[in-house]
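Read the structure below first, then the notes.
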Amino acid sequence: MTEVRVPADWPASAEAARAEQDRLRPLVDVTGPGPAAPRLVAGLDVAYAESGDRLAAAVVVLETSGLTVVDAAVAVGRAAFGYVPGLFAFRELPALLDALDRLTAAPELLVCDGHGLAHPRRFGLACHLGVLTGLPAVGVGKTPLVGTWDPPAPRRGSWSDLRDGTDTVGRVLRTRDGVKPVFVSVGHRMSLDNATAQVLALSPNFRLPETTRAADRRCREALAGQLG
DNA sequence: GCGACAG
DNA sequence: ATCTTGTCGC
């Protein structure tokens with residue numbers, strides 16, 4: 001667990017951050033299809049301290065057969081940007097990348113807590129992380145950022161398109177019978193079909209993928225150890 | 001102009 | 001994200 005510092009050249013304004021997204025957006029690989037049966041999958045999440053912008057970022061690697069954690073890394077630091085919907089990635093990226101660098105196992109897929117293409121400029125956190133690492137990535141959001149959709153059928157596995165204008169930017173996926181669905185979108189080097197299949201496979205018992213749940217636990221306890 | 005707005 | 005009690009349901 002390291003103390004992360006914000007890069008000297010990190011965007012300081014919303015305008016600079018949007019320009020960076022526009023610069024990287026063409027580098028997103030949307031041709032997929034991504035790994036059909038990955039053995040190692042990573043989950044990423046960040047927790048914030050009640051006061052201020054102190055945060056802890058966790059990356060966990062799970063073995064898909066059994067969904068057990070085989071590796072994990074945590075980094076603590078401060079939010080690298082203010083919270084602005086659409087520029088959310090600039091807050092957590094430095095800490096998440098630091099944690100990723102300290103991993104021993106090599107994940108074949110990144111499952112991010114936030115959106116990928118389901119973003120105003122089609123470049124959410126999952127796309128950003130995918131492009132910077134070169135790894136296949138998917139975004140799983142608990143609430144929508146953009147788009148409209150019809151409610152998917154009540155059974156686990158049902159889904160409906162998430163559309164923004166004329167684009168299909170993701171899927172609204174039911175991971176548990178009768179429970180509020182999650183928003184799945186492509187981040188990098190993945191097809192929407194495969195992204196949906198992987199997220200469903202990673203969520204056998206709860207609404208959120210086990211990758212996200214494991215990462216959430218790690219960063220929360222890291223924060224507790226750092227402060228309270 | 002007004003409301004919405006990942007975590 | 002985080003602050004938060006009880007409550008309904010499997």
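Computed from a predicted structure; not experimentally measured. Chain identifiers are assigned alphabetically (A, B, ...) following the order of the sequence lines, protein sequences preceding nucleic acid strands; residue numbering begins at 1 within each chain. Side chains are part of it too, since the values below use all heavy atoms of this structure and drop only hydrogens, waters and symmetry mates.
In the set B/dG7, C/dT2, B/dC5, B/dC5 carries the atom at the smallest distance from any side-chain atom of A/P85.
A/L208 has its CG atom 13 Å from the C1' atom of B/dA6, to the nearest Å. Computed from coordinates, the A/L125 CG to B/dG7 C1' distance equals 9 Å when rounded to whole Å. Taking atom CZ of A/R54 as the reference point, atom P of C/dT2 lies 15 Å away to the nearest angstrom. A/R91 places its CZ atom 12 Å from the C1' atom of C/dT2, with the value rounded to the nearest Å. Whole-Å rounding puts the A/F183 CZ to B/dC5 P distance at 11 Å. When the P atom of C/dT2 is taken as reference, atom CD of A/E92 falls 10 Å away, rounded to whole Å. The CG atom of A/L93 sits 16 Å away from the P atom of B/dG7 (whole-angstrom rounding). Residue A/F90 contributes atom CZ, which lies 14 Å from atom C1' of B/dA6 at whole-angstrom precision.
Within the 4.0 Å cut-off from OP1 or OP2 of B/dG7, at least one side-chain nitrogen or oxygen of A/T143 is found. Checking the phosphate oxygens (OP1, OP2) of B/dA6, a side-chain nitrogen or oxygen of A/Y83 falls inside 4.0 Å. One finds a side-chain N or O of A/R220 lying less than 4.0 angstrom from the OP1 or OP2 phosphate oxygen of C/dT2. Of the side-chain N and O atoms in A/K142, one or more sit less than 4.0 angstrom from OP1 or OP2 of B/dG7.
No option in A/L132, A/V4, A/V59, A/L44 other than A/L132 meets the side chain to side chain contact (heavy atoms under 4.5 Å, CB included) test with A/L97.
Looking at heavy-atom distances under 4.0 Å, A/R176 makes no contact with the nucleic acid at all. Counting non-hydrogen atoms under 4.0 angstrom, A/A47 reaches the backbone sugars and phosphates but no base. A/G124 comes within contact range of at least one nucleobase, with a heavy-atom separation under 4.0 Å. A/L87 comes within 4.0 angstrom of a nucleotide base, judged by non-hydrogen atoms across all strands. Within 4.0 Å (heavy atoms only), A/G86 reaches at least one base atom of the nucleic acid. Contact annotation for A/P144: backbone-only contact, meaning every heavy-atom pair under 4.0 Å involves sugar-phosphate atoms and none involves a base.
In this structure the side chain of A/R171 never reaches within 4.5 angstrom of the side chain of A/S160, judged on heavy atoms.
Side-chain rings of A/F90 and A/H128 approach one another, their centers coming within less than 6.0 Å.
Put simply, A/Y48 does not rest on the base of B/dG7: the two rings are not both less than 5.5 Å apart at their centres and under 30° in tilt.
No hydrogens or angles considered: a donor-acceptor pair under 3.5 Å links the side chains of A/D29 and A/T31.
Geometric assessment of A/R91 against the ring of A/Y83 yields a negative cation-pi assignment under the 6.0 Å and 45° thresholds.
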